Structures are given as structure tokens and as C-alpha cells.
Amino acid sequence: MKEVLDDIERWRTAGHRVAIARVVGIEGSSPRDPGATMAVNDAGEVAGSVSGGCVEGAVVQEALAILAGEKQRGIVTFGYSDDEAFAVGLTCGGTIHLFVEPLDW
Amino acid sequence: MSRYDELRDALRAGEPVALATVVEGANLGAKLLVKPDGRASGSLGDANLDRVVARDARGELEAGLTSTRHYGAHGEARERDVSVFIESFALPPRMIIFGAVDFTAALAKVAKVLGHRVTVCDARAVFATVLRFPMADEVVNDWPDRYLAKVGDELGPRDAICVLTHDHKFDVPAIAAAVKTEVGYLGAMGSRRTHDQRTVRLREAGLTDGEIARVMSPIGLDIGARTPEETAVAVCAEVIALRTGRRAQSLRDTAGPIH
């Protein structure tokens, strides 16, 4: 969170709405620990990261959908799997659970 | 003031704080912000849950841990009605470097990269200056044992002490004071010959075998480091390996998970 504070402040000052995604759980091998944070504003600008670059693109889509009111805050899971549900995965074979929410608190 | 504003202010002021968020269950997204003294603001939607989570968050904050915990709707243990993500924003771990020598600047730099709050301490005011160590958070002119008498009680398992003076006159009292602290890492620089002589003197100074065994000496992992910068990497890698309990071989030569 610390590393994205300056960006969030700048965005809010400029009148942007912001969503944040935080790693809240990991299983197996994963590049970032719980607490890793990524912030996305309603113009699609991004700060921070939650993996080694594997899932960031998909997280931006989640965040934008939440800011657009198309989705509610909640947990999103990314993992290595053949399952259709995991369109995007971690190449390292682990699973990460992200909590994605608007910064409305 | 919103929870976010409070969190931002605490982080900017460098104050430790824990943020609890309901990530599954009723009141999704509800927040409780907890200070080290247990003061809390916000609510997860249930007074008993707030009380239990505030207690757990204080513990997590003290240990510098971040994790998701599960509770009953009113904070009951061993139930899973709600999942609460408790994120600790603990103070950075400290590294106290005794000795304002060539290796100190490089070690201070690498330790900063790893997120340590770095203090350089040397009794010789000519050497221990902010000009020589601009990367350090703090430069202290004092005798190591006297300095540790002041701050030793504040140090914990996340903190490190590195004794780089390799002069027995400074080393022995510094190490003797350092083993009385709870630091997770205590290293002392010097050749194997220096190490052997120092061990004799530490024993003469009354240190027990257990206390002497805590000292990582000669300091650093065996990566063939030569320069101050390489040595700094060897020392910081040893700090990490000691914390994680690894034997610090190359990953290529081991099996099992990387993280």
C-alpha cells in the first residue's frame, strides 16, 4: 500500500476514482506475499503490482469493471489450472487470491 | 476522517498500524484500523468481532505479519462465517551497524534496498558523520555498548546488528551487549584469525557458549565476496537466510518450493 500512496493521492486530487487490489492469500509458489497492492484509476492508469507481471492485465480489467459498477467488490482468484475459470494464470504454478474493491472507505 | 485518510496519515508519519478488512462474509469490505496500543477506529459490523480482530491485529502488527483469518459472525474461533484480511504496516526492521569503516557504506546501502532502517554507530566522531553515510537513516557517535544500553530493549527478532569494527577494543563490548538483545541476526566481521582471537576474548568477557554461538562470525554467506559491495550482499543474504531458516545453497542444487 505504501508504494502506491503517492499515485493514489495524485489521482484523487485530479478527481479520479480509484480501485485497489490486494493479495490476501497465496497457495504454493507465488511471486508476491499477502499485502502486495495494485491501484487502478478510472482512466486505466496503474500503480504497484500483485504478481510477477502474470495477472496484472486481468486485474486491471477487474478493477475497471468494479469502478464502472459492472461488478461488486470481492475476491478474485488466479491460479495455474486447465479449468476454464482460470483464463489467466501464474506461470510459477501457484494460486493467488486478490481482494479487489473501490477506494470508497 | 475516513479509514483511508487515517491509514495514509499513519503511513506517511511512519507510525505502525494494522488494517483489517472483511474479504468474505457479511459486511464485505468493512474496515477496522488498529494502532499498536489497541486503539481502533471503524467497525467490521459486530462489536465482538471488532474486539477479537483488534486483539489479533495487535499481535500481527507486533510480529510484522499479514494474513487472512477466519472467524464466526461474532468473532468466534474455529468458525468460518467471515474472513478478515489483517494487513500489518509494521515499522521497518532495523539494522544497526557498529563501525564506520569502508564496508559500512556498502552494507548500509544494500540494507536500505531491503527495507531496513539503518543506524551507523561509531565512537569516533571523525569517522561517523552524515557526510560519509548519507544513505543511513541515523548516524550516532557513541560507544556500541552504551548505545545498546539505550535502545537494546526496543530491538526484536526482525532486527539485525552487524559489528564491522574488527578491533577487539570495540568488538568485544559491542558483541557482549548485542547478545543481551532479542535481535534475530548478530554478525561480526573479521578474518578467521580475528574470529578465533575474538572468541577467546568473548569467553574471557563472560559470554556463554550459547551467546557466542549466536554470533555469525566471520560475517556473511560464502559467496567469495571481495569488495565492500559484494560483502554487503553476502551479509544481507545471510540476514535473509537466517530469518527464513534456509541453508542458502543455490536453488539449482536444491528441490522443493522456492517461496
Side-chain angles (χ1 to χ4, degrees), chain A residues 1-13 16-39 47-48 50-52 54 62-63 66 71-77 80 90-105, chain B residues 1-33 41-45 57 60-61 63-70 80 82-92 115 243-244 251 255-259:
Chain A
M1 183 74 95
K2 257 179 222 169
E3 62 283 359
V4 298
L5 265 190
D6 288 347
D7 289 293
I8 291 176
E9 286 302 298
R10 200 178 68 246
W11 293 341
R12 279 162 56 109
T13 307
H16 285 295
R17 288 182 307 121
V18 178
I20 63 168
R22 289 181 287 162
V23 176
V24 297
I26 55 175
E27 290 147 41
S29 183
S30 79
R32 300 290 305 272
D33 281 332
T37 300
M38 190 168 141
V50 289
S51 75
C54 316
E62 287 289 331
I66 284 169
K71 280 196 173 177
Q72 299 296 309
R73 57 166 33 100
I75 287 186
V76 184
T77 296
Y80 179 81
L90 293 172
T91 50
C92 46
T95 301
I96 59 173
H97 305 283
L98 303 169
F99 187 67
V100 192
E101 60 175 342
L103 186 50
D104 58 0
W105 41 275
Chain B
M1 201 186 247
S2 72
R3 292 299 79 71
Y4 168 77
D5 288 342
E6 276 187 71
L7 174 66
R8 176 202 59 208
D9 291 352
L11 294 181
R12 291 226 159 133
E15 290 164 9
V17 63
L19 177 68
T21 305
V22 175
V23 295
E24 272 177 314
N27 300 305
L28 197 63
K31 301 279 188 298
L32 188 72
L33 197 74
S41 62
S43 175
L44 304 180
E60 296 278 273
L61 188 53
L65 295 174
T66 285
S67 69
T68 298
R69 290 168 166 257
H70 308 283
R80 301 179 70 95
V82 288
S83 302
V84 179
F85 178 56
I86 301 176
E87 185 171 8
S88 290
F89 300 94
L91 292 180
R243 188 193 73 219
T244 57
L251 286 167
I258 291 178
H259 301 293

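Computed from a predicted model, the values in this text were never measured in an experiment. Just so it is clear: chains get the letters A, B, ... in the order the sequence lines come, proteins before strands, and each one is counted from 1.
Heavy atoms of B:Val84 lying under 4.5 Å from chain A are absent altogether. With a threshold of 4.5 angstrom between heavy atoms, B:Phe85 approaches chain A through side-chain atoms but not through N, CA, C or O. B:Leu7 touches chain A through its side chain: at least one heavy atom from C-beta onward sits under 4.5 Å away, while N, CA, C and O do not.
With chain A as partner, the option from B:Thr66, B:Leu28, B:Thr68 having the largest number of non-hydrogen pairs under 4.5 angstrom is B:Leu28. Across A:His97, A:Met1, A:Arg73, the residue that shares the most heavy-atom pairs under 4.5 angstrom with chain B is A:Arg73.
Inter-residue side-chain proximity for B:Glu87 and A:Thr37 is flagged as met; some heavy-atom pair is nearer than 4.5 Å. Counting heavy atoms from C-beta on, the side chains of A:Trp105 and B:Thr21 never come closer than 4.5 Å. Side-chain contact between A:Glu9 and B:Arg12 is present, with at least one heavy-atom pair separated by less than 4.5 Å.
Within residues 18-26 of chain A, the residues that have a heavy atom under 4.5 Å from a heavy atom of chain B are A:Arg22, A:Val23, A:Val24, listed by number.
Across A:Phe99 and B:Val23, no two heavy atoms sit closer than the pair CG-CG1, 3.5 Å.
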